[in-house]
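So the structure is just underneath, and the comments pick up after that.
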Amino acid sequence: MVREKIAPMRIWAQLCTICRPAQNWSGAGLVAAVLALWEIAARLADIPSYLFPTPMVVFRYLFAHLGDLLLAGGVTLLEAVAGLLLGTAAGVTLAILILFWQQAEQGVMSLAILIKSTPVIAIAPILTIWLGFGPGPKVIVTALLTFFPVLINALTGFRTVEDALLDWLRSLNATPREIFLHARWPGARPFLFAALRTVGPLALIGAVVAEWMGASSGLGRVMWLAYTSLNMPALFAAVFILTALSTAVYQTIVWLEKRALFWVYPSN
Amino acid sequence: MKALDIRVDALSHFYGRFPALQNVHLHINCGEFVSLVGVSGCGKSTLMRLIVGLQPPTQGSIWLNGQPPAVARAAKQIGWMAQQAALLPWRTVLEQVQLAQKINPQNNSTAVAHPQDLLKIVGLNDFAQAYPLTLSGGMQQRVALARTLAIGAAVWLMDEPFAALDELTREALAAEVLQLWQQFQPTVLWITHNLHEAIRLSDRVIVLTPRPGTVAGEVGVPLSHPRDDTSGEFQVILRQVRALLRWEKNDGA
Amino acid sequence: MLYRKTIGLLLILLLTAACQATQPQTLRTMTFMAGFRPQANLPFVGVYVAQEKGYFAAEGVAVQIQHSAGGGEHLQLLAAGQVQVTTQDAAVLLQRRADPGLPLVSIGLIGQRGQQAFVALAESGFQTPADWAGHVVGFKGTPPPDLFAILAANGLTEKDVKLVNVGFDPRTLTEGLVDVYPVFKSNEPYLIRSLGFEVTQWEAADYGVPTLGLAYVTTEELIQTDPDLLQRFMRAALRGIAYAQENPEEAVQIVLQYTGTGADAAHMRFMLDTELADAVSPNGFGWQSEAQWRALADMLQSYGALPANIDVTAAFTTQFLP
């Protein structure tokens, strides 16, 4: 009669072994190997720089304009992080709303899917009309891109509580609020961080896309300017900065995850 | 603490149209240790969940000390233990015990006992700061036991709490539960499908027939502790219980 | 000519003085959105120079300069009142007035000839558009009436060529995906040459087809409610264009302040020179007449690119021109 369910505890124990950080050096080595192959292939095939620049050409541009590129990267990073925080807050809030008010689920989910499937291009000008030319619209676009995975994962996390744990809490007459605080919220954290790992790099893409559609600073603008003048080394230099930022954001989330999920990642 | 008696009257329960329990009558006295045995799927766990009040029965009634289960639950009189220890992976052993006292704070049971003392009782003194994932299954169940003691529950509802453990650990923990029962004198309803265990621990063994679950009969165990399961008296009782189970089997065939 | 200019300048100075006398220290603020990326399109240059040389300040206007990404959002923002003046190609201005009915008005026609043209690689050997027959011709977004006009003038119809949407990417030409590529005269020809390819260029105007270029654009509403602001803006911007004509090197340096990292000064100079050549008008920069707009509308209408019964007189005003 009692539903069989894989104990989340066991899942965590497995996560523990899977998610140990890969050897940092092997990662860097792999990136270097890919770049080297790219360089050799591009040279052998004699591909012109305006089609596909070699890494050397890109790095030369990158170091010649490092200050400007880093400044643009900083702007994009700030927009992405602000959007990520806003999107995460919105996703978690909506998940809590649905959890405590089941009737809202259909409505909220329909609306969320509607927002998720609206092309950013279609709403960007409206956001500019409402929020002006500054970072506001970029933050909102990023938040719109990021809130959905957070909402889904948070909701799944809140609902994936061991039956036995729920039974025990109910046997003590725990209130829904106590059950949320002591079981659902901490239990949802692994799910939340799984969402954040996906959504962190996505936030940067969101900010870049928003900038591409009109901005006075940021990597998206650098890339758009480079593209419209067919300056491929500049475009790829911006892409390199973007991937570096992406990696940094991802690693920061992993770092935070290890601290927030201390029971999954024992310190010793 | 003051133990409660458990009374189950004409209880029937359905999952949809499927009858899980039919016309069950039970009465467990204050401070009594009663085992409920039967094959898997005979509705033992369902009966247990109904007594805690996790769900209402389709028909019939349940009384704990003459009151509905909700009252006993609100007063934190029910200690619930299941096969899974149901610990919070993000809390230390000590915090698990403290949380049991903190939840439902209107009935603050801090006065019952100090968490640290309780850990000493269940032999986890040195593991107060450990997280559940680092503990063995047996130790996790000891934490669950300490939690049950921490709220000072008058009724212990134990749904095969040690079934997932190895034989030796299970026997050792069962012996400890027996000792704690003698010390704290709660009313215990113990579910098992291990007949030796049932007879070794309880005052009475109640046999449930499966599909739908109903009481086939019961056997008293008028033996003093510690009980020797090789003794003749023990074997007589074991045969009686087996006979009830076999009768049920023939009936079903 | 010189006489007129001197008079004009004197007039500007006088007006400026008068304005400053009547409304001292009232700084007006507005937003100008260039219709595309920062570059040396002449209407953009006029604004950049006016900003950097303090012409706007002298008019008592603080101008915030924005750039559109080229997706048409500058017209939306103009209609929404977030932007007071933007730039737009004359043909598109007429089309947007007709559908969806945006209240756009040209207050200064800078491009007296359209910048749209078509190029083929010199190595293709194409001499006239008649040689396009049987080849792939690219367009951006929707095929422009200019294209049909050029084809018609050379005895072809759209059935004689294969039309494909290429968007912006001149590499589709250099890599051989298209044989004829649509360009803005002041932009892509330079880019393609810088990639190491020579091109042959054709434009509709060469075949007697009337075309117009970029204009400063505002809304009917703003002309009604705040002609003073527009007057100040236009005086300063036209002054900026005049300065750029006299000092093209300095103007390019000013443009580079807006383009940011990695812009090509020679490219910007090419753009500026090309557009200056097409901005010449007997009545000074920005001049526009009903005849010009009527001819453009007639051409668009004859290719079904504009509904009939368009009131071209409502699409422009000369009230802010000297």
Side-chain angles (χ1 to χ4, degrees), chain A residues 47-52 60-62 64-73 75 119-134 136-137 208-238 241, chain C residues 31-41 64-83 86 140 167-177 184 187-197 256 258-268 270-271:
Chain A
I47 299 171
S49 180
Y50 61 83
L51 282 182
F52 206 63
R60 215 173 297 135
Y61 184 94
L62 192 132
H65 300 90
L66 193 60
D68 287 343
L69 285 168
L70 287 180
L71 210 63
V75 170
V120 172
I121 303 167
I123 49 169
I126 306 168
L127 291 176
T128 306
I129 288 170
W130 286 339
L131 299 167
F133 300 106
V208 164
V209 168
E211 288 167 351
W212 190 290
M213 291 180 302
S216 34
S217 52
L219 280 181
R221 175 188 147 92
V222 169
M223 291 162 92
W224 175 68
L225 286 175
Y227 176 71
T228 49
S229 52
L230 292 186
N231 190 344
M232 292 301 121
L235 182 67
F236 276 85
I241 299 280
Chain C
T31 301
F32 166 80
M33 179 174 257
F36 196 49
R37 51 171 274 161
Q39 57 184 10
N41 291 123
Q64 207 204 349
I65 300 174
Q66 296 291 344
H67 294 86
S68 163
E73 61 272 30
H74 53 300
L75 297 182
Q76 269 178 297
L77 291 166
L78 180 78
Q82 297 292 109
V83 164
T86 185
K140 291 170 179 163
F168 170 88
D169 201 334
R171 294 175 297 182
T172 54
L173 178 72
T174 63
E175 297 306 303
L177 293 167
F184 283 95
N187 187 26
E188 288 102 325
Y190 179 91
L191 278 178
I192 297 168
R193 279 187 201 107
S194 71
L195 303 182
F197 298 87
L256 291 179
Y258 288 84
T259 55
T261 315
D264 179 351
H267 184 192
M268 293 301 113
F270 172 82
M271 192 176 278

Can you tell me which portion of I126(A) sits under 4.5 Å from chain C's heavy atoms? Options are side chain, backbone, both or neither. neither

Please confirm whether the backbone N or O of E211(A) pairs with a side-chain atom of R221(A), one donor and one acceptor, at under 3.5 Å? no

Spell out, as yes or no, whether a donor-acceptor pair under 3.5 Å connects the side chain of Q82(C) to the backbone of I129(A). yes

Give, as side chain, backbone, both or neither, the part of [X] having an atom under 4.5 angstrom from any heavy atom of chain A.
| X | result |
| --- | --- |
| T174(C) | side chain |
| E175(C) | side chain |
| Q66(C) | side chain |
| Y190(C) | neither |
| L195(C) | both |

The criterion is ring-ring contact (aromatic ring centres under 6.0 Å, His included); which residues satisfy it with H67(C), sequence neighbours excluded? Y48(C)

For a 4.5 angstrom cut-off between non-hydrogen side-chain atoms, does F168(C) reach N187(C)? yes

Could you walk me through whether R193(C) and E188(C) pass the salt bridge (Lys or Arg N to Asp or Glu O under 4.0 Å) test, one step at a time? CA-CA 8 Å; R193(C) 279 187 201 107; E188(C) 288 102 325; over 6 Å; no

